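Because the structure is predicted, anything quoted here is derived from the model rather than measured.
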Amino acid sequence: MADNFQILLKTALILPFVCVFFVTMSIILWFQQTSYESMLSNISEKRLNALTHAVDLELDHFLKEPFNAGYALSHAISFNSLYQPNDMQRIEQYMLESAEAIYNKIEHLDVIAFGSEVGDFVGFRKEANSGQTLMLQDSRTNQNLVIYRGKSISQDIRSTFEGYDPRTRPWYEPVAKSKSPKWSSIYANVDERKDVTLSALSPVYTQRKFSGVVVLDIKIDTFNSFLAEQQNLTDAFIYIFDSNQQLVAHSIQSSIFSESNRAKLSESPNAVIQGVSNKINTPNSMLENAPLSFDMVLNNERYFNHITPFNDENGLSWYIGVSISESNLLGALAETQENSLFAALAAGVIGLLLGFYLLHQVVLPIIWTAKAANNLAKGDWDCPLPKRGIIRETNVLLYSFQEMATHLQASFKALREQIVYDSLTKIYSRQGFAEKCDPLEPALGCLMIIGLDKFREVNDNLGHYHGDQILKIVAARLKSLFDGSNHYMARVGGDEFALFLHCECSEDVNRLNANRILQLFASPISTEGEQTLVHASIGMVNVNDQESMSMWLRKGSIALSHAKSSPTKISQYELQMDQASRQKMQLVPRIKDALDNNEFVPFYQPLIDLKTHQFTGAEALARWISPEHGLISPLEFISVAEEYDLINDIGLCILEKACSDTVKGIDEGKFPSNFQLHVNLSVKQLAMPDFVPTLESVIRKTRMNPVQLSLEITESKLIDSDHVTIRNMHAIRKLGIGIAIDDFGTGYSSLSYIHTLPFNCLKIDRVFIERMNADNAKHSLVKTIIDMSTTLGFEIIAEGIETEQQSQAITRLNCPLGQGFLFGKPVPYSEWSDEPLNAKRTAS
C-alpha cells in the first residue's frame with residue numbers, strides 16, 4: 001500500500017511552499033504587530049507625558065499670573081496703608097491706576113476687587129469693549145453694591161444690589177479664616193452677568209491686623225478657551241476635573257455645566273470623557289495611583305489617555321487628563337503599516353502561482369526582511385537592508401519596508417539632532433554636551449561657563465534677530481580659539497556657553513585660557529552694520545571623575561554668578577560658593593516674611609561733636625531681629641536683599657521707623673531739638689522714579705523736619721548712576737534733606753563727581769582712620785579730604801573712631817564730627833542713652 005502511495009509533483013512542490021508561506025507570513029505578521037504595539041506604546045507614553053507636562057506648565061503659568069498680581073496688590077495696599085473703613089477712595093484710585101496694566105498683561109483676568117472686614121467692596125470688571133466697569137459699596141453708595149457703566153462714580157448706573165455682604169462670599173470666607181493667600185472654590189458671581197468664577201485670594205493687613213481680601217477673578221470660560229488653544233497645537237483632547245470628578249474645563253467649545261451644577265465626568269456628553277469616567281470608576285479607583293496611563297476603544301477608534309494630578313501650593317487639587325486618538329498619534333504610519341502587509345500578501349500569492357523557482361525568489365527576501373525588521377526593532381539602524389530580487393511584488397514589499405525604515409531613521413536622527421545640538425549655533429546643547437563629556441576617560445580637565453553680561457539689553461535694544469547673530473559670532477570665535485579633539489563646546493543657556501578643556505592643566509594655565517576668552521570680547525561684534533560691544537564673565541570648575549558633567553555645569557553656573565560681580569570677571573568654583581548659594585536661596589523667603597512681620601528695625605550709632613563731646617545726631621543702621629535666630633547682622637542679608645530687589649522695602653521700612661523715632665525722641669526730650677538723623681539709602685532706591693514722592697509721604701506721615709534728615713549713599717555705588725538717580729538727588733536737596741557720601745575715598749570717581757553731584761556731607765571711610773597715626777596725621781589723605789571739604793563748604797564726618805588716640809588725632813586736623821565704637825555702639829531706640837557721652841565730656 002505504501003509502495004503504491006504517490007502524489008503529484010505539483011502537489012509536492014506547492015504543499016511545502018504553502019506551509020512555509022503560511023508559517024513565514026504568520027511570523028512576519030506577529031513580529032510586525034508586536035513591534036507596532038511596542039512602538040505605539042512607547043510613542044504614546046512619551047507623547048502624552050510631554051503633552052501633559054506642557055499643559056501643566058502652561059496651566060501653572062496661566063494661574064500664577066493672576067495669583068501673583070493679587071498678592072502684589074494686597075501687599076501694596078497693606079504696605080501703603082490704603083485701607084480706611086467705609087471709605088474705598090484710596091484703594092479705588094490705586095486699583096484704577098493698576099487695572100489697565102494688569103488687564104493688558106493678564107488677558108484672561110475678569111475682575112480685580114477688594115472686600116473689607118466691615119463689608120465695604122470696590123472692584124473693576126473687564127468689559128467686552130476692553131474697558132472697565134467700577135463696582136463699589138461703601139458710605140458713598142449707602143452701603144449698596146452699585147455697578148457703574150464706566151471706571152468712576154457717575155449717574156450712569158448699570159445695576160444696584162441691596163444687602164450685598166462680601167464677607168459671606170466664597171472668595172472672602174476662606175482667607176478670613178486662614179489669613180493666608182489661596183484659591184477659592186468655583187462659584188457664581190452675584191452681579192447681573194452671573195459669571196462662574198475661580199478667584200485668586202490674598203489677605204490685606206493694616207498695621208498687622210487683618211482688614212480684608214484682594215480678589216482677582218478668572219472666568220471658567222477662559223479655561224475652556226485656554227485648553228482649546230492647547231488642543232489646536234497638539235491634536236489632543238484635554239480636560240481638567242477636581243477630586244469629586246466634576247469638570248473644571250475641557251478643550252471643546254461646550255459648557256461644563258449640567259443644569260445648574262458643574263457636570264461630573266460621567267454626565268458629560270463627550271464620549272471620551274464618559275469613557276474615562278467608566279475606566280477610572282472601578283471598585284479600586286485608578287485615581288489613587290495617579291499619574292496613570294491607559295488606553296480604551298470608542299467607536300472603533302483606540303484612544304490613549306494620561307491623567308496626572310495638578311496640585312497648587314495655594315489650595316488647588318485638580319487632575320489634568322489628556323486623550324489622543326491612535327490616528328492623530330501616528331498619522332500616516334498606521335496606513336503605511338497596512339499597505340506593507342497587503343504588499344506582502346500579494347507577493348506571497350504570486351509566489352504560490354510561480355512554483356518552486358519563484359518560491360525561492362519569494363521566500364528568501366521575506367526571510368531577509370524579517371531579520372532586518374527584527375534588527376530595526378532592537379535599534380540597530382546600521383544593519384544591512386534586504387536585497388532586491390527578480391520578483392516585482394517582493395521588490396515592492398522591500399521598497400516599502402526600506403522607505404519606512406528610512407523615514408523612521410530620519411525622524412529619529414532629526415529628533416536626536418535637536419536634542420544633542422543647539423539649533424542656532426550648531427554646537428552641542430546642554431544635554432548633548434553632558435552625553436559627550438560624561439563617557440570621557442579620564443574625566444579630568446577644566447570646565448568654563450562663559451556668560452554674556454547684560455545680554456538682555458542687546459535683545460531689548462537691537463532685537464532678538466541681532467541677538468541671535470551675536471550668539472552665532474560668539475560661538476564661532478570660541479571655536480576658532482579652541483579647535484581640537486580635546487575641547488568640547490556647548491550652548492547651555494540663552495546667553496551662556498560651556499567649554500570643557502579635556503586635559504590636565506595647572507590653575508595658571510586655566511586662568512590664562514580664561515583671559516584668552518575674555519580677549520575675544522575686546523573688539524566690537526558687527527551684525528549687519530550694527531557695532532555692539534559685548535562683555536563676558538567666566539566661571540571655572542576643575543573637573544574630576546567623582547561627579548557627572550550635569551553636576552559640574554551646575555557648579556560652573558554658581559561660579560559664573562560670582563564672576564559677574566568680580567572685578568576680574570573670572571571666578572574659580574569653591575565649595576563655600578555652593579553653600580553660600582543654598583543659604584542665599586533659603587534666606588530670600590525669610591526676608592520676605594520678616595518684612596511682612598516688621599522684623600527690621602533701626603539701631604542708632606551716635607554722631608559726636610569732637611570738640612565738645614556732645615552727640616549731635618545718630619546714624620540709623622538696619623538690623624534684623626528674628627524671633628527664631630535673634631539679632632542678624634546686615635552683612636548676612638543686605639547683599640541678598642539688593643540682589644533680589646528687596647532692599648527697597650527694607651530701606652523704606654528703616655527710613656519710616658527712624659523718622660518716627662526721631663520725632664518721638666525730640667518730643668520726649670530724649671534727643672536735642674537740633675538732632676540730625678542719618679539714614680543709609682540704597683542706590684537701587686535712589687534709582688526708582690517714584691522715590692521722591694515716597695520720601696515726601698514718609699516726611700508727612702512721620703512729621704519729620706527735612707532739614708534734620710540726611711540720606712547716606714555709598715560712594716562706590718554711584719559709579720553707574722543714571723539720569724533718574726541724578727534727578728532724584730537734586731529733588732531730595734530741594735526738599736531740604738541732606739545727602740552724605742558714605743565711605744568717601746573708596747570709590748573710583750571721587751574727583752570727577754565732586755562738583756556735579758548735589759551732596760553736602762562727606763564721611764571719611766574707616767580704612768583711612770585706621771591707617772592714620774600721630775606721626776602721619778598731618779600728611780595723611782584724611783587731612784587732604786578735611787581741607788578740601790572745608791574749602792568747598794561740605795560737612796565732614798570721620799567714621800570708625802575706636803581709640804582715644806584716633807579721636808585726638810582727627811580732632812587736631814579740625815574734623816568737626818566723628819562716629820565709632822569709642823563713642824557708642826549701635827543700639828535700638830529703647831536702649832539709647834547719653835550717659836556715657838556725658839561721662840566722656842566730664843572727663844574732658
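- No side-chain heavy atom of Asp649 sits less than 4.5 Å from a side-chain heavy atom of Phe600.
- Take Ser178 and apply the side-chain contact (heavy atoms from CB on, under 4.5 Å) test, not counting sequence neighbours, and it matches Ser180, Lys182.
- Under the 6.0 Å cut-off for aromatic ring centres, Phe759 and Phe794 qualify, their centroids lying closer than that.
- Taken to the nearest 0.5 Å, the OG atom of Ser789 stands 11.0 Å off from the CD1 atom of Ile741.
- For the side-chain hydrogen bond (donor to acceptor under 3.5 Å, both in side chains) test, no residue two or more places apart in sequence or in another chain qualifies with Tyr94.
- Judged purely by atom type and a 3.5 angstrom limit, Ser807 has no side-chain atom pairing as donor or acceptor with the backbone of Thr803.
- Taking both residues in full, the closest heavy atoms of Thr702 and Cys659 are given as OG1-CB, 3.4 Å, listed atom of the first, atom of the second, then distance.
- To the nearest 0.5 Å, atoms OG (Ser116) and CD1 (Ile91) are separated by 7.5 Å.
- You'll find the side chain of Asn648 stays beyond 4.5 Å of the side chain of Leu652, heavy atoms only.
- In this structure, Phe603 has its ring center no closer than 6.0 Å to that of Trp832.
- Between Asp667 and Arg703 there is a salt bridge, since at least one side-chain N of the basic residue sits less than 4.0 Å from a carboxylate O of the acidic one.
- For Asn705, the side-chain contact (heavy atoms from CB on, under 4.5 Å) partners at least two apart in sequence or on another chain are Val707, Gln708.
- Distance check, rounded to the nearest 0.5 Å: CD1 of Ile764 to CD1 of Ile810 gives 5.0 Å.
- Within the 3.5 Å criterion, the main-chain N or O of Ala594 finds no donor-acceptor partner in the side chain of Asn598.
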Anything under 3.5 Å between a donor and an acceptor, one on a side chain of residues 620-632, the other on a protein residue two or more places apart or in another chain? List them.
unit_1: Trp624; atom_1: NE1; unit_2: Glu599; atom_2: OE1; d: 2.9
unit_1: Ser626; atom_1: OG; unit_2: Glu628; atom_2: N; d: 3.2
unit_1: Ser626; atom_1: OG; unit_2: His629; atom_2: N; d: 3.3
unit_1: His629; atom_1: ND1; unit_2: Arg590; atom_2: NH2; d: 3.1

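- Counting heavy atoms from C-beta on, the side chains of Phe79 and Leu595 never come closer than 4.5 Å.
- With salt bridges taken as basic N to acidic carboxylate O contacts below 4.0 Å, one links Lys569 and Asp453.
- The shortest distance between side-chain heavy atoms of Gln819 and Glu619 falls below 4.5 Å.
- With a 6.0 Å radius and a threshold of 12 heavy atoms from other residues, nucleotides or ligands, Glu668 has its CD atom above the threshold.
- Here side-chain hydrogen bond (donor to acceptor under 3.5 Å, both in side chains) pairs that include residues 689-701, with residues two or more places apart or in two chains, are Glu656-Lys701.
- Between the Tyr205 side chain and the Lys179 main chain, a donor and an acceptor come within less than 3.5 Å of each other.
- Take Phe67 and apply the ring pair (Phe, Tyr, Trp, His ring centres under 6.0 Å) test, not counting sequence neighbours, and it matches Trp183.
- When only modelled atom types and interatomic distance are considered, Asn542 and Tyr573 share no side-chain donor-acceptor pair under 3.5 Å.
- Under the 3.5 Å distance criterion, the side-chain polar atoms of Asn760 are matched with a main-chain donor or acceptor of Ile739.
- Residues satisfying the ring pair (Phe, Tyr, Trp, His ring centres under 6.0 Å) test with Phe114, not counting sequence neighbours, are Tyr83.
- For the pair Lys555 (side chain) and Met540 (backbone), a donor-acceptor distance under 3.5 Å is absent.
- Taking the side chain as every heavy atom from C-beta outward, Leu607 and His678 approach each other to under 4.5 Å.
- Of the possible donor and acceptor atoms, none in the side chain of Asn80 sits under 3.5 Å from a partner among the backbone N and O of Leu82.
- Annotation for Val724 and Ala687: closest pair CG1-O, 3.3 Å, computed over non-hydrogen atoms.
- Side chains of Gln685 and Leu655 form no contact here, defined as non-hydrogen atoms less than 4.5 Å apart.
- Sequence neighbours left out, the pairs with a member in residues 789-802 that pass salt bridge (charged side-chain N to carboxylate O under 4.0 Å, His left out) are Lys763-Glu799, Arg766-Glu802.
- In this view, Glu636 satisfies the side-chain hydrogen bond (donor to acceptor under 3.5 Å, both in side chains) rule with no residue, not counting sequence neighbours.
- Pro689 and Asn728 get closest at one heavy-atom pair: O-OD1, 4.4 Å.
- Nearest heavy atoms, Asp120 versus Gln84: OD2-O, 4.4 Å.
- When the side-chain contact (heavy atoms from CB on, under 4.5 Å) test is applied to Lys611, the partners found at least two apart in sequence or on another chain are Asp609.
- Not counting sequence neighbours, the partners of Phe675 by the ring pair (Phe, Tyr, Trp, His ring centres under 6.0 Å) test are Phe671.
- Side-chain contact between Thr662 and Leu709: absent, with no pair of heavy atoms (C-beta onward) separated by less than 4.5 Å.
- Nearest heavy atom pair, residue Ser211 against residue Thr206, reads OG-OG1, 3.1 Å.
- Dense packing is recorded around NZ of Lys564, with more than 12 heavy atoms of other residues, nucleotides or ligands lying under 6.0 Å away.
- No more than 12 heavy atoms of other residues, nucleotides or ligands lie within 6.0 Å of NZ in Lys64, so this atom counts as exposed by the packing criterion.
- Shown here for Ile538 and Ala514, the closest heavy-atom pair between the two residues is CD1-O, 3.3 Å.
- Considering only heavy atoms from C-beta on, Ile732 comes within 4.5 Å of Leu686 through its side chain.
- By the side-chain contact (heavy atoms from CB on, under 4.5 Å) test, Asn674 is found to be paired with Pro672, residues two or more places apart in sequence or in another chain being considered.
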